[in-house]
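A quick write-up on the structure given underneath.
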Amino acid sequence: KQWYQRRVRGFQVRRVAVLGEESTEQAVYKDYQSMLLRRKFSSSLLHSKKSRVVILGCGWGGFRLARVLCKDKFSVTLVSPRNHFVFTPLLPSSAVGTLEFRCVQEPIRTVRGITYYQAAAKTVDFEKKELVCNSVYDDSTEFTMDYDKLIIAVGTKSNTFGVPGVETDEENIIHNPSGTNKHNLFFLKQIEHARSIRNRIIECFERASSPFCSEEDRKRLLTFLVVGGGPTSIEFASEMYDFLQNDVKIWYPDLANKHQIIVVEAGDHLLGSFNEALSKYVEKKFISRNITTLIGESVQKVDGNTVILKSGKTIPYGACVWSTGNKELDFVRDLGVGLDRGRIVVDRNLRVPGRDSVYALGDCARINDMPLAMLAQVANQQGKYLGKSLNKGLDLPFKYFDRGAMAQLGTFDAVVDMHGGQISGISAFITWRLAYLTLSVSIANKMLIPMYWFKSYWFGRDISKF
C-alpha cells in the first residue's frame with residue numbers, strides 16, 4: 001500500500017493525463033496488483049521447492065522437531081488432535097492446584113513458520129506418500145495430505161492390561177475427559193485428565209461435607225486410590241498428600257482426618273526403575289505420612305466404585321488415578337510396519353526400514369539394537385537429533401545421553417537418581433525444580449511457574465470446581 005501511495009503521489013502533477021480510457025491512478029493500481037501477483041507466484045514457486053515434512057504428534061519428540069527444523073529448507077506441517085504441547089513432568093502438580101494448567105502447556109502455533117491442523121491421522125499410503133486425516137470436530141470429515149518426509153511421533157496410550165471394568169477412551173474423537181470409560185477413574189497423560197482429576201477431588205470433598213452423606217459414602221469418597229508405583233504415581237500421591245495436609249485442614253476442617261491415600265503397585269518396590277536405596281527412602285517416607293502402600297498387589301477388576309485386588313481385597317474409592325504404563329495406539333498397530341512390543345522398529349537414524357523417507361521417534365518407536373525407555377528426555381533428544389540431521393543432511397547415528405531420573409515427593413523433598421550418585425531430601429527437591437524450570441519452553445512459563453509455586457506455598461491451592 002505504501003508503494004502504491006508513493007506511485008500515485010508521483011503522478012499528481014499529471015493527474016489529468018490518461019492512458020487509453022483509464023486514469024493514471026487506475027493504471028498505477030493495476031501495476032500494483034500485477035506486482036503482488038508476481039510476488040505471490042514467486043513465493044509459491046519458492047514454497048513448492050521446499051521438501052514437505054509432515055509431523056504426526058506434538059509430544060516431546062514432535063514438538064521439539066518442529067522447533068528445530070529449518071523453515072527455509074522445509075515446508076513443515078504438524079498434525080495433532082490437541083493444539084498444545086504438554087510439559088508432562090508437571091502434570092501431577094496441576095492436578096491438585098499447585099500449578100495452573102496454562103503453566104504446563106505450550107500452544108503449537110507459537111512455533112513460527114509451520115502449518116498446523118487439529119486432526120488425527122487415520123491411514124498412511126507409503127507407496128503414494130500420502131496420509132488420510134480426520135478432523136477432531138467432525139469424524140466424518142476427511143482430508144488427504146502428501147508428504148516428502150513423514151515423521152511419526154504419536155506417542156502411546158495408557159495400558160489397562162485388559163483389566164475388566166476399565167477401558168481407554170483416549171483415541172476416540174468424542175471421549176470422556178478422564179481418558180477412561182468412568183467418571184471417577186482417571187489416566188494422567190493430558191491436561192484434560194489433570195483438570196478432571198482436580199474437579200473430581202473437590203467434588204469428593206463437597207459431597208462428603210454434605211449433612212446428607214452417610215458415613216459409608218463419606219469414607220469411600222475420601223479414599224484416593226493410585227494404581228501404579230512409577231514416577232507419575234508417586235508424584236501425584238505426594239502432591240495429593242500436600243494438598244490434604246496444607247489445604248484440606250483449612251477449608252474442610254471437619255474432614256481433615258477422614259481421608260486416605262492408597263498406592264497399589266504390582267512390583268516389589270515403588271519406583272522400581274530407581275536405585276534400590278531411593279526406592280526404600282520413598283517407601284519409608286510414605287509410611288511416615290500414613291500413605292498406605294500395597295506392594296506386590298495388582299488390580300483384577302474394577303466394579304463400579306470398587307477395585308478388586310488379586311488378593312481378593314476390595315477398595316471402594318472416590319477417585320482413582322491409573323498410571324501403569326503405556327500401550328501402542330491403534331493407529332500404530334494398523335500401520336503395517338515392523339513392531340517390537342507394540343513400538344515401531346527403527347534404525348539408529350530413526351528411519352523405518354522398508355519405508356522411504358519415513359521416520360519414527362519418541363514412545364511409539366524402538367531402536368532395534370538400542371532399546372530405550374519411554375521417557376520425555378529420550379523423545380526430546382531424538383527430536384533435536386532428527387531436526388539437526390535433516391537440516392544439515394547428516395547421516396550420523398543417534399546417541400542418547402542419560403540424564404538420570406527424578407521424582408518429587410512434595411514440598412522440600414524429592415529423589416534424584418543420576419550416574420554420579422543418588423540424592424534425596426531438600427537438595428534433590430531444589431535440583432528437581434531447577435531442572436524442570438530450566439526445561440520449560442517459553443519465557444512466560446518460566447515466569448508463571450515460580451509465581452504459582454510461591455502462591456500455592458504461601459496462600460494455598462485453588463479449590464474452585466469449574
(request) Using a strict 4.0 Å threshold on nitrogen-to-oxygen distance, state whether Lys50 and Asp72 make a salt bridge. (result) no
(message) Go through it in stages, so that I can follow the logic: the residues are Arg52 and Lys149, the test is side-chain contact (heavy atoms from CB on, under 4.5 Å), and I'd like the CA-CA distance, side-chain angles, deciding distance and then a yes or no.
(response) CA-CA 6 Å; Arg52 297 166 298 179; Lys149 298 182 187 297; over 6 Å; no
(request) Decide salt bridge (Lys or Arg N to Asp or Glu O under 4.0 Å) for Arg207 and Asp217; before the verdict, give the C-alpha distance in whole Å, the side-chain angles of both, and the deciding distance to 0.1 Å. (result) CA-CA 9 Å; Arg207 285 175 176 268; Asp217 278 346; over 6 Å; no
(message) Under a 3.5 Å distance rule, please check whether Asn159 uses its side chain to pair with a backbone N or O of Phe161 as donor and acceptor.
(response) yes
(message) Measuring from atom CD1 of Ile191 to atom CG of Leu90, what distance do you get when rounded to the nearest 0.5 angstrom?
(response) 10.5 Å
(request) Begin from the C-alpha positions of Phe63 and Asn380 and carry the test side-chain contact (heavy atoms from CB on, under 4.5 Å) through to its verdict. (result) CA-CA 8 Å; Phe63 188 73; Asn380 191 45; over 6 Å; no
(message) Can you list everything that forms a side chain to side chain contact (heavy atoms under 4.5 Å, CB included) with Leu309? Sequence neighbours excluded, please.
(response) Val264, Leu294, Glu297, Val299, Val307, Ser311, Lys313, Ile315
(request) Report the distance from atom CG of Leu91 to atom CD of Glu239, rounding to the nearest 0.5 Å. (result) 11.0 Å
(request) Take Val54 and Leu131, measure what side-chain contact (heavy atoms from CB on, under 4.5 Å) needs, and give me the verdict at the end. (result) CA-CA 10 Å; Val54 176; Leu131 63 148; 4.2 Å; yes
(request) State, to 0.1 Å, how close Thr160 and Trp322 come at their nearest heavy-atom pair, and which atoms those are. (result) O-CZ2, 3.8 Å
(request) Sequence neighbours left out, what passes side chain to side chain contact (heavy atoms under 4.5 Å, CB included) with Arg366? Give chain and number order. (result) Asp340, Arg341, Arg343, Pro371
(request) Mind checking the OG-CG spacing from Ser158 to Leu188? Nearest 0.5 Å is all I need. (result) 8.5 Å
(message) Determine whether a donor-acceptor pair (N or O, by modelled atom type, separation under 3.5 Å) exists between the side chain of Ser279 and the backbone of Leu271.
(response) yes
(message) Check whether Lys392 reaches the backbone of Leu390 with its side chain - one donor and one acceptor, N or O, closer than 3.5 Å.
(response) no
(request) Answer yes or no: are there more than 12 heavy-atom neighbours, outside Arg289 itself, under 6.0 Å from its atom CZ? (result) yes
(message) Within this structure, what is the CZ-CZ distance for the pair Arg200 and Phe186, rounded to the nearest 0.5 Å?
(response) 6.5 Å
(request) Return yes if some donor-acceptor pair links the side-chain N/O of Asn368 with the main-chain N/O of Asp347 below 3.5 Å, else return no. (result) no
(message) Within this structure, what is the CG-CG distance for the pair Asn184 and Leu221, rounded to the nearest 0.5 Å?
(response) 9.5 Å
(request) Using the test side chain to side chain contact (heavy atoms under 4.5 Å, CB included), find all partners of Ser298 that sit at least two apart in sequence or belong to another chain. (result) Ala266, Gln300, Lys310
(request) Can you sort out the partners of Asn246 under side-chain hydrogen bond (donor to acceptor under 3.5 Å, both in side chains), two or more places apart, ordered by chain and number? (result) none
(message) Atom NZ of residue position Lys219 - does it have more than 12 heavy atoms of other residues, nucleotides or ligands inside 6.0 Å?
(response) no
(message) Can you list everything that forms a side-chain hydrogen bond (donor to acceptor under 3.5 Å, both in side chains) with Arg82? Sequence neighbours excluded, please.
(response) Gln190
(message) Can you tell me how the ring of Phe87 sits relative to the ring of Trp60, calling it parallel under 30°, perpendicular over 60° and tilted otherwise?
(response) tilted
(request) Enumerate the residue pairs fulfilling ring-ring contact (aromatic ring centres under 6.0 Å, His included) with a member in residues 374-403, sequence neighbours excluded, ordered by first and then second residue. (result) Tyr385-Phe398
(message) Restricting to side-chain hydrogen bond (donor to acceptor under 3.5 Å, both in side chains), what partner residues turn up for Ser178, sequence neighbours left out?
(response) Asn176, Thr180
(request) Establish, from distance only, whether the side-chain atoms of Arg461 and Thr98 form a donor-acceptor pair under 3.5 Å. (result) yes
(message) Can you pull out every ring-ring contact (aromatic ring centres under 6.0 Å, His included) where at least one residue sits in residues 360-380? Sequence neighbours excluded, please.
(response) none
(request) For Asp369, enumerate each residue passing the side chain to side chain contact (heavy atoms under 4.5 Å, CB included) test, keeping only those at least two apart in sequence or located in another chain. (result) Arg348, Ile367
(message) How close do Ser456 and Gly97 get, counting heavy atoms only, and between which atoms?
(response) CB-O, 4.5 Å
(message) Between Gln381 (side chain only) and Gly61 (backbone N and O only), is there a donor and an acceptor less than 3.5 Å apart?
(response) no
(request) Output yes when a side-chain donor or acceptor of Glu265 lies under 3.5 Å from a complementary backbone atom of Gly267, and no otherwise. (result) yes
(request) Spell out, as yes or no, whether a donor-acceptor pair under 3.5 Å connects the side chain of Arg64 to the backbone of Lys384. (result) no
(message) Under the side chain to side chain donor-acceptor pair (under 3.5 Å) definition, can you give me all pairs with a residue in residues 426-440, not counting sequence neighbours?
(response) Glu235-Trp432
(message) If you apply the rule salt bridge (Lys or Arg N to Asp or Glu O under 4.0 Å), what do you find for Asp146 with Lys129, and how did you get there?
(response) CA-CA 6 Å; Asp146 298 324; Lys129 287 193 172 183; over 6 Å; no
(request) Could you please spell out the steps behind the side-chain contact (heavy atoms from CB on, under 4.5 Å) verdict for Asp330 and Lys157? (result) CA-CA 9 Å; Asp330 294 345; Lys157 60 183 177 182; 3.3 Å; yes
(request) Please check if atom CG in Asn391 has more than 12 non-hydrogen atoms from other residues, nucleotides or ligands closer than 6.0 Å. (result) yes
(message) Side chains of Asn349 and Ser389, heavy atoms from C-beta outward: is any pair under 4.5 Å?
(response) no
(request) Return yes if some donor-acceptor pair links the side-chain N/O of Thr232 with the main-chain N/O of Ser323 below 3.5 Å, else return no. (result) no
(request) Sort and list the pairs that fulfil side chain to side chain donor-acceptor pair (under 3.5 Å) and have at least one residue in residues 111-123, not counting sequence neighbours. (result) Gln118-Tyr137
(message) Using the ring centroid of each side chain, check whether Tyr281 and Phe286 are separated by less than 6.0 Å.
(response) no
(message) Considering only residues two or more places apart or on different chains, which pairs with a residue in residues 233-253 satisfy ring-ring contact (aromatic ring centres under 6.0 Å, His included)?
(response) Phe205-Tyr252
(message) Any side-chain to backbone donor/acceptor pair from Asn445 onto Cys103? Under 3.5 Å, distance only.
(response) yes
(message) Under a 3.5 Å distance rule, please check whether Thr223 uses its side chain to pair with a backbone N or O of Tyr317 as donor and acceptor.
(response) no
(message) Surrounding NZ of Lys327 (heavy atoms of other residues, nucleotides or ligands, distance under 6.0 Å), is the total greater than 12?
(response) no
(request) Flag the pair Lys280 and Glu283 as a salt bridge only when some basic side-chain nitrogen lies within less than 4.0 angstrom of an acidic carboxylate oxygen. (result) no
(request) Walk me through it: do Glu106 and His84 pass the test side chain to side chain donor-acceptor pair (under 3.5 Å)? (result) CA-CA 5 Å; Glu106 297 287 348; His84 54 272; over 6 Å; no
(message) Please tell me whether Asn257 and Lys249 have a donor and an acceptor in their side chains that are separated by less than 3.5 angstrom.
(response) no
(request) With rounding to the nearest 0.5 Å, note down the distance linking CG in Asn275 to CG in Asp417. (result) 5.5 Å
(request) Tell me, please, whether Phe101 has Arg198 positioned over its six-membered ring: NZ or CZ under 6.0 Å from the ring centre and within 45 degrees of its axis? (result) yes
